[in-house]
Structures are given as C-alpha cells and as structure tokens.
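Okay, so here's the structure we're looking at.
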Amino acid sequence: MKCYNHHDRDAFAVCKSCGKALCLECAEEYKNTFVCKGSKACKHVADVEFVNYFRDNSEKAWFFNRMLFVFLGLFLFIYIVVKTFMFFAIPNPLLETVLLVLLALLLIKRGLDLKLR
C-alpha cells in the first residue's frame, strides 16, 4: 500500500480517523494511534473515539457497582429475615434487626441511585 500524499512511498500506518494510508513523514502518533500529521480534524475524531472508549468502560463499571450494592442490600435483607426468626440466639434481637434493616435499605437505595456522572 502506498502513502495517500506521496504515491512513490510505502505506507507506514493508517490514519485512525480518515483511513488514509500514511508514510513516516505524513503519520503522527497521537494517543496510542496514528493520525494525519497536522490535521486538526483527524485529531478531533481521535479525541472523540478516545473519550468514548473510556466513557463506555466507565458505564460498565458503574453498572457493576450499582448491581453490587443492590445484591448486597438484598442479601442483607434476606439475612435479616432469617435471623429474625431465630431471635432466641440473640440477646437484643429488636435492636439488631432494626439496625440491619436500615443498613439493607441504605445499600439498596445507594445501588439504585448510582448513575454515570
């Protein structure tokens, strides 16, 4: 493949933004990829792709954290229900039950409130 600008030279890279084949003189490394040297438009597209990559990954992380809080809260709530019916083993079952219910509700609410900022 030959360079888009210099038809007598072999291409070294392909622009991430516009897809043109580039020789060593025409290629510029930009954020772990290659773009057309001196082209603001190609750098802009590369910036947008770079930001979108991290945004997509952070959305997955937020979703995971949200589900983790919800499942922890539900697990704690189930634990409370089971533990309440075994109150004879606990010295003060009412206080422990109230505190654990509040903690479970807090975890569930926190999980449901998590959003991408």
Side-chain angles (χ1 to χ4, degrees):
M1 183 171 16
K2 298 293 182 182
C3 177
Y4 181 81
N5 300 320
H6 305 103
H7 302 293
D8 58 333
R9 298 182 190 169
D10 287 332
F12 164 74
V14 175
C15 179
K16 177 76 173 177
S17 303
C18 64
K20 294 177 185 173
L22 304 169
C23 65
L24 283 170
E25 186 180 325
C26 298
E28 178 181 356
E29 188 172 357
Y30 186 72
K31 294 189 179 176
N32 297 330
T33 189
F34 290 98
V35 295
C36 297
K37 193 173 206 172
S39 173
K40 290 183 181 179
C42 289
K43 285 184 180 177
H44 175 70
V45 172
D47 282 339
V48 169
E49 288 179 4
F50 191 72
V51 168
N52 286 342
Y53 171 77
F54 284 105
R55 187 197 67 210
D56 293 343
N57 286 338
S58 65
E59 284 176 358
K60 292 174 189 170
W62 278 101
F63 179 75
F64 175 76
N65 288 340
R66 183 177 182 179
M67 290 299 108
L68 183 65
F69 272 107
V70 170
F71 285 129
L72 281 174
L74 290 175
F75 178 78
L76 185 59
F77 189 77
I78 292 169
Y79 169 78
I80 294 164
V81 170
V82 170
K83 191 92 168 169
T84 302
F85 290 110
M86 298 168 48
F87 66 90
F88 54 86
I90 304 167
N92 192 350
L94 182 62
L95 178 63
E96 182 182 17
T97 301
V98 169
L99 291 176
L100 289 175
V101 165
L102 290 175
L103 182 60
L105 292 174
L106 178 70
L107 284 172
I108 292 170
K109 182 182 180 319
R110 177 72 176 143
L112 294 176
D113 287 345
L114 281 177
K115 292 185 179 133
L116 184 62
R117 297 176 189 180

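Throughout, numbering of the chain's residues begins at 1 and tracks the sequence.
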CE (Met1) and CG (Leu22) are apart, to the nearest 0.5 Å, by 9.5 Å
Spacing of CG belonging to Leu74 relative to CE belonging to Met67, to within rounding of 0.5 Å: 9.5 Å
Atom SG in Cys15, atom CD in Glu28: separation rounded to 0.5 Å? 10.0 Å
NZ (Lys20) and SG (Cys26) are apart, to the nearest 0.5 Å, by 9.5 Å
Going only through I, L, V, M, F, W and Y residues with side-chain contacts under 4.5 Å, is there a path from Val101 to Leu103? yes
Between Asp10 and Lys2, what is the shortest heavy-atom contact and its length? OD1-NZ, 2.9 Å
Same cluster or not: are Phe34 and Leu24 linked, directly or through other Ile, Leu, Val, Met, Phe, Trp or Tyr residues, by side-chain heavy atoms under 4.5 angstrom apart? yes
A side-chain contact here means heavy atoms from C-beta on lying under 4.5 Å apart; do Asn5 and Cys23 qualify? no
